[in-house]
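This report refers to the structure that appears directly beneath it.
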Amino acid sequence: MKKILIIEDEESLAEFIELELEHEGYEVLTAYDGRSGLEIALEKDIDVILLDLMLPRLNGIEVCRRLKSSKETPIIMLTARDSVMDRVLGLDSGADDYLPKPFAIEELLARIRVILRREEKMLMDSSTITLTFKDLELDQYSRTLKKDGHMIELTKKEYELLLMFMKNINRVLTRDMLLDKIWGYDTMVETNVVDVYVRHLRNKIDIHDKESYIQTLRGTGYVMRE
C-alpha cells in the first residue's frame with residue numbers, strides 16, 4: 001500500500017483529502033505544521049508528500065529544502081499563491097509538482113498517480129546503471145554525478161533533466177517534451193522553467209569559455225551531441 005503524507009495547516013482541507021485518499025486505497029499520515037511534517041517525512045518511508053506552502057513553525061519551502069537534502073521523496077506543493085515566481089521557487093526548492101488552490105480532488109489524485117507511475121518507471125529504466133558522456137558519469141543507482149572523477153551535487157529535477165539528455169544523446173529534445181517527461185503532462189509548470197533548469201545544469205557542469213555540454217537549438221529545444 002502506497003503511503004502519502006499530508007502537511008497542511010487547514011485541518012478541514014487536510015481531513016477531506018485524507019478521506020479521499022483512504023477511499024482510493026492509500027495509507028495516509030497527516031501533520032498540521034511544517035516542523036512536525038518534516039519529522040515524519042524524515043523518519044518514515046513516504047511515497048508522496050502533499051505539502052502546503054504557508055505553514056506554521058516551518059514554511060513549505062524550508063520543509064522541502066531540508067527534506068530534499070537527505071531524501072528523494074516526491075513532493076506535490078499545494079498553495080493559494082500561483083505566480084510564476086512562486087512556482088519556480090517551489091520547484092527550485094525540490095518540489096516535483098505544483099497545484100494551486102482551490103483544486104479539484106480528481107486532479108490531485110491524477111497528479112499523485114502520475115508521480116507514482118514515473119517513480120516506478122524510473123526504477124524499471126535503471127537497467128543500465130551508469131551513463132557516460134565525455135567526462136560526465138551519471139550513476140542511476142545512487143543518483144549521483146561525477147565530472148572528471150569529482151562529485152557534482154544535483155537537485156532531483158537537475159538529475160532527471162540530465163538523465164533525459166544522457167539517455168538521448170544526439171536527439172533533439174523540445175521544451176514541451178522535457179516538460180512532459182520530467183514534470184508530467186498535466187503540470188501547471190510553464191516551458192520557461194525548463195530553461196531555468198538547463199541554466200542551472202550548465203552552471204554546474206560546463207567549463208568557462210568552452211562549448212556547453214547542452215546545446216541550444218533556437219525555437220526548438222536542446223541536445224547533447226557527441
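Heavy-atom basis, side chains included; hydrogens, waters and symmetry copies ignored. Note that the coordinates shown come from a computational prediction; the quantities given were computed from them, not determined experimentally.
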* Reported CG-to-CG distance for the pair L154 and L145, which is rounded to 0.5 angstrom -> 5.0 Å
* Heavy-atom side-chain contact between Y26 and M1 under 4.5 Å -> no
* Return yes if a side-chain donor-acceptor contact under 3.5 Å exists between T216 and R202, otherwise no. => yes
* **Closest heavy-atom pair and its distance - M54, D9** => O-OD1, 3.6 Å
* Asked: Do NZ/NE/NH1/NH2 and the carboxylate oxygens of K204 and E158 come within less than 4.0 Å?
  -> yes
* **E24 side chain reached by L109 side chain, heavy atoms, under 4.5 Å** => yes
* If we only count heavy atoms from C-beta on, is the I169 to R225 side-chain gap below 4.5 Å? -> no
* Decide yes or no on side chain to side chain contact (heavy atoms under 4.5 Å, CB included) for I75 and K68, but give the supporting numbers first. => CA-CA 9 Å; I75 294 174; K68 291 293 188 174; 3.9 Å; yes
* To do: Kindly indicate, with the supporting measurements, whether the criterion side chain to side chain contact (heavy atoms under 4.5 Å, CB included) is fulfilled by L178 and F165.
  => CA-CA 9 Å; L178 291 167; F165 284 122; 4.0 Å; yes
* Establish whether I105 and L19 are linked, either directly or via other cluster members, by ILVMFWY side-chain heavy-atom contacts under 4.5 Å. => no
* Assess whether salt bridge (charged side-chain N to carboxylate O under 4.0 Å, His left out) is satisfied between D135 and K146, documenting all intermediate values. => CA-CA 8 Å; D135 58 352; K146 288 183 179 179; over 6 Å; no
* Mind listing the closest non-hydrogen atom pair of V223 and R171 along with its distance? => CG2-O, 3.4 Å
* L136 side chain near M224 side chain, heavy-atom distance below 4.5 Å -> yes
* **Pairwise distance CD(E15) to CD(E8) - rounded to 0.5 angstrom** => 11.0 Å
* Side-chain heavy atoms under 4.5 angstrom apart, residues restricted to Ile, Leu, Val, Met, Phe, Trp, Tyr: same cluster for L173 and L217? -> no
* Show the numbers, then the answer: is there a side chain to side chain contact (heavy atoms under 4.5 Å, CB included) between D45 and K3? => CA-CA 8 Å; D45 290 327; K3 188 179 297 183; 5.7 Å; no
* Going by the side-chain contact (heavy atoms from CB on, under 4.5 Å) test, name the single residue among L29, L13, V28 that passes it with E18. => V28
* Using the rule that two of Ile, Leu, Val, Met, Phe, Trp, Tyr join whenever any of their side-chain heavy atoms come within less than 4.5 Å, decide whether V198 and V172 are in one cluster. => no
* Could you tell me the separation between the CG atom of L161 and the CG atom of L179, rounded to the nearest 0.5 Å? => 10.5 Å
* Asked: Backbone N or O of D176 within a donor-acceptor pair of the D180 side chain at under 3.5 Å?
  -> no
* Give the intermediate values and the outcome of salt bridge (charged side-chain N to carboxylate O under 4.0 Å, His left out) for residues K157 and D96. => CA-CA 7 Å; K157 281 291 178 281; D96 297 83; 3.1 Å; yes
* Side-chain heavy-atom pair I49, L67 within 4.5 angstrom cut-off -> yes
* Atom pair CD1 (I205) and OH (Y213), whose distance is rounded to the nearest 0.5 Å -> 6.5 Å
* Flag, side chain of D33 to backbone of S36, donor-acceptor distance under 3.5 Å -> yes
* What distance do Y159 atom OH and L201 atom CG have between them, rounded to the nearest 0.5 Å? -> 12.5 Å
* T30 and A14: which non-hydrogen atoms are nearest, and at how many Å? -> CG2-CB, 4.0 Å
* Asked: Side chains of Y222 and D195: do they bring a donor and an acceptor to under 3.5 Å?
  -> yes
* Structure fact -> A41 and I46 have their tightest heavy-atom pair at CA-CG1, 4.4 Å
* Do you know the tightest heavy-atom contact between K71 and L42? -> NZ-O, 3.7 Å
* For the pair K2 and L116, evaluate side chain to side chain contact (heavy atoms under 4.5 Å, CB included) and give the outcome as yes or no after the intermediate values. => CA-CA 9 Å; K2 297 295 185 182; L116 290 173; 4.1 Å; yes
* Would you say K44 has more than 12 foreign heavy atoms packed within less than 6.0 Å of its NZ? -> no
* What are the two closest heavy atoms between P74 and I115, and how far apart are they? -> CB-CG2, 3.4 Å
* Validation row: L50, L108 side chains within 4.5 angstrom (heavy atoms) -> yes
* For the residue pair D206 and S212, confirm or rule out a side-chain donor-acceptor distance under 3.5 Å. => yes
* In Å and rounded to the nearest 0.5 Å, what is the CD1 to CD1 distance from I17 to I4? -> 10.0 Å
* **Single-linkage hydrophobic cluster, 4.5 Å side-chain cutoff, I61 and Y32 together** => no
* Do R143 and E72 have side chains that get closer than 4.5 Å, going by heavy atoms? -> yes
* Asked: Do the side chains of E160 and K181 get nearer than 4.5 Å, heavy atoms only?
  -> no
* Asked: Under 4.0 Å between a Lys/Arg side-chain N and an Asp/Glu carboxylate O for E39 and R35?
  -> no
